[in-house]
Amino acid sequence: DRLRREERLGELIRIQRLVKKEFPPMGIIRSIPVPRPGAPGPDAAREAILEIAAALAETSDWFMSDTICGYGDPRADQPVEGYVGITGETCDWEITAAIAAAITTPLILAGGISPDNVADGIDRVKPAGIDSCTRTNARDSQGRHLRFRKDMDRVRRLLDEVRRAEEITGNTSRPPRP
């Protein structure tokens, strides 16, 4: 598993270096897959994820946490094939906070972010920013999230909660753009 991870990381780093060389003004946001809270083997997952983040830090301008389904089970299906995230489920914030604390690359907190949990996520993870997809999307008549259609009331509530969290923490600074 470790050898396979190192090979894949080497390839990702090679690609990111090439992108940076060919398109210097372009910043790279690298998604870091984080399991849901309570996933099996949290210590092993934390160690592997911190290793991945450290390896990718040199060639990444930003990191973005996101929830991966079936961490440790490569056969587990993601909601959108070929993508990590877009689950609507919260990732493990303890692991995400460890990433944010261990690296200097700014981290965007994603993975199940909603108006109801964003203030807690900001307080616990101390991210450079937040990202919300599924939990601020509009819903159909059966209550299912509609991909890429925002519920503007939920977006407003999310922004209100972010501002409230900034006031509580005193952190209203914005990280510089890479």
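Note that the structure is predicted; figures quoted are calculated from it, not measured.
Considering only residues two or more places apart in sequence or on other chains, T105 meets the side-chain hydrogen bond (donor to acceptor under 3.5 Å, both in side chains) condition with none of them.
Taking all atoms of both residues into account, the shortest heavy-atom contact from K150 to S132 is NZ-O, 3.4 Å. Between L107 and S65, the shortest heavy-atom distance links the atoms CD1-N, 4.3 Å. Nearest heavy atom pair, residue F63 against residue A53, reads CZ-O, 3.2 Å. Heavy atoms only, all atoms of each residue included: N117 and G112 are closest at ND2-O, 2.9 Å. Summarising the geometry of I113 relative to W93, their closest heavy-atom pair is CD1-CZ2, 4.0 Å, with the distance given to 0.1 Å.
Salt-bridge formation is detected for the pair E11/R14: a Lys NZ or Arg NE/NH1/NH2 atom is positioned less than 4.0 Å from an Asp or Glu carboxylate oxygen. Salt bridge status for R46 with D43: absent, with no side-chain N to carboxylate O gap under 4.0 Å. Using a 4.0 Å cut-off between charged side-chain N and carboxylate O, D61 and K20 make a salt bridge. Salt-bridge annotation for D153 and R156: present, with a side-chain N of the basic residue lying under 4.0 Å from a carboxylate O of the acidic one. Taking a cutoff of 4.0 Å between a charged side-chain nitrogen and a carboxylate oxygen, R164 and E161 qualify as a salt bridge.
In this structure, E47 places its CD atom where only 12 or fewer heavy-atom neighbours from other residues, nucleotides or ligands lie under 6.0 Å away.
One hydrophobic cluster, built from ILVMFWY side chains closer than 4.5 Å, cannot hold both I32 and I28; they sit in different ones. The hydrophobic clustering, which links ILVMFWY residues whose side-chain heavy atoms are closer than 4.5 Å, places I130 and I103 together. Each of L159 and I108 belongs to its own hydrophobic cluster when Ile, Leu, Val, Met, Phe, Trp and Tyr are linked at side-chain heavy-atom distances under 4.5 angstrom.
Within the 4.5 Å cutoff, no side-chain heavy atoms of R154 are placed close to those of N137. At least one side-chain heavy atom of I49 sits less than 4.5 Å from a side-chain heavy atom of P35. Side-chain contact between E58 and Q16 is absent, with no heavy-atom pair separated by less than 4.5 Å.
For the pair T67 (side chain) and R36 (backbone), a donor-acceptor distance under 3.5 Å is absent.
To the nearest 0.5 Å, atoms CD1 (I52) and CD (E6) are separated by 10.5 Å. Atom-to-atom distance recorded for L12:CG and R30:CZ is 4.5 Å, nearest 0.5 angstrom. The distance from the CG atom of L9 to the CZ atom of R4 is 11.5 Å, given to the nearest 0.5 Å.
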- request: Take R157 and D160 through the salt bridge (charged side-chain N to carboxylate O under 4.0 Å, His left out) test and state the conclusion after the steps.
  value: CA-CA 5 Å; R157 282 185 43 227; D160 289 345; over 6 Å; no
- request: Could you go through the side-chain contact (heavy atoms from CB on, under 4.5 Å) check for M26 and V19 one step at a time?
  value: CA-CA 8 Å; M26 184 181 295; V19 169; 4.2 Å; yes
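Of the residues listed (C91, C133, S31), the one engaging D66 in a side-chain contact (heavy atoms from CB on, under 4.5 Å) is S31, and it is the only one.
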